[in-house]
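Each remark here refers to the structure printed beneath this line.
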Amino acid sequence: LQEKLPVWVAASGPVGVKRVARRGLNVAGASAFGPQIVELFDSELRAHGHNPADHGSGLLAMVHIAEDEDQAWAEAARGVHHWLSWLAGHEFVGMEPTSARPEVPEPAKLRDWAANPLIPYHVGTPDQVAESLLKRVSSARHTNLALSFRQAFMDTAAVRRSMDLFAEHVMPALRAWQHPANTP
């Protein structure tokens, strides 16, 4: 039913992004780790005879929203910590193997670490999450956005409330945003 099957490959560091571009595929996750990685992806696509406009760059991020920031962090911190600890335990920095292991703060201190531009999670009020997500999607050429609302240890009712708040308050802001591929 379609001419070309859209294949997405997860990559975020230079080695993986170059491999995906060389094969002319779509990249998932690279955009979470900064605009320079997406710029590298586009440059490598051109170097291998591919048009960046024909290839997607997907942003992957975790989201949790509550009525106030303290509540959002209380509900999400343990799950975010679990995910980041798993990542760090596998010697992944920027999602590529290295010899370094980042030290992940305890759940109670993750809020202070959230300013790290390499960490793809957005926790807070609807306004805070809308602002941080829009900042992230506007930082590079993004064609797709994949969000994870539920992490380990999270209460189902809290996740459902978060999703409802996202739909009501954050989706309208995201719908109004135009990524570069759709801008005239």
Side-chain angles (χ1 to χ4, degrees), residues 1-65 80 83-84 86-88 90-98 100 102 114-123 126-151 162-163 165-184:
L1 296 179
Q2 61 194 54
E3 290 181 29
K4 185 178 176 183
L5 182 65
V7 176
W8 289 82
V9 178
S12 60
V15 174
V17 165
K18 287 178 181 181
R19 186 177 302 124
V20 174
R22 185 173 56 248
R23 290 179 172 93
L25 303 172
N26 302 299
V27 68
S31 52
F33 294 93
Q36 66 278 13
I37 294 294
V38 178
E39 291 166 10
L40 174 64
F41 177 62
D42 288 350
S43 173
E44 288 292 315
L45 283 168
R46 284 191 282 289
H48 293 285
H50 304 291
N51 180 355
D54 297 334
H55 297 82
S57 172
L59 175 67
L60 309 174
M62 294 182 291
V63 172
H64 189 72
I65 302 170
V80 171
W83 180 81
L84 292 173
W86 177 87
L87 197 62
H90 287 82
E91 295 185 358
F92 280 73
V93 176
M95 301 297 277
E96 278 195 6
T98 70
N116 184 333
L118 299 179
I119 307 301
Y121 61 86
H122 305 268
V123 177
D127 289 342
Q128 290 170 322
V129 169
E131 180 182 347
S132 66
L133 269 175
L134 284 169
K135 182 178 179 183
R136 186 63 63 92
V137 297
S138 299
S139 69
R141 180 183 70 85
H142 299 289
T143 59
N144 296 75
L145 179 62
L147 302 176
S148 173
F149 286 88
R150 184 177 183 84
Q151 305 307 315
S162 175
M163 293 172 78
L165 288 167
F166 182 88
E168 183 179 349
H169 300 285
V170 179
M171 275 306 298
L174 288 174
R175 283 192 177 120
W177 169 75
Q178 292 293 309
H179 60 73
N182 289 343
T183 304

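This one's a predicted model, so the numbers in the text were calculated from it and none came from an experiment.
For S132 (side chain) and V129 (main-chain N/O), a donor-acceptor pair under 3.5 Å exists by modelled atom type. A donor-acceptor contact shorter than 3.5 Å links the side chain of H142 to the backbone of R136. Checking side-chain atoms of T143 against main-chain N and O of S57 turns up a donor-acceptor pair under 3.5 Å.
Note that the CG atom of L84 and the OH atom of Y121 stand 6.0 Å from one another [nearest 0.5 Å]. Atom CZ of R150 sits about 10.5 Å away from atom NE2 of H64, to the nearest 0.5 Å.
Enclosure of atom CD in Q128 by more than 12 non-hydrogen atoms of other residues, nucleotides or ligands within 6.0 angstrom is indicated.
D42 is linked by a side chain to side chain donor-acceptor pair (under 3.5 Å) to R141, counting only residues two or more places apart in sequence or in another chain. The side chain to side chain donor-acceptor pair (under 3.5 Å) check on Q151 picks up S148, with sequence neighbours excluded. Residues satisfying the side-chain contact (heavy atoms from CB on, under 4.5 Å) test with S43, not counting sequence neighbours, are none. Taking H55 as the reference, K4, N26, F41, L45, H50 meet the side-chain contact (heavy atoms from CB on, under 4.5 Å) condition, with sequence neighbours excluded.
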Could you pull out all donor-acceptor pairs under 3.5 Å where a side-chain atom in residues 16-24 meets a protein atom, sequence neighbours excluded?
none

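In this structure, P35 and S139 approach most closely via the heavy-atom pair CB-O, 2.9 Å.
Side chains of L165 and V170 form no contact here, defined as non-hydrogen atoms less than 4.5 Å apart.
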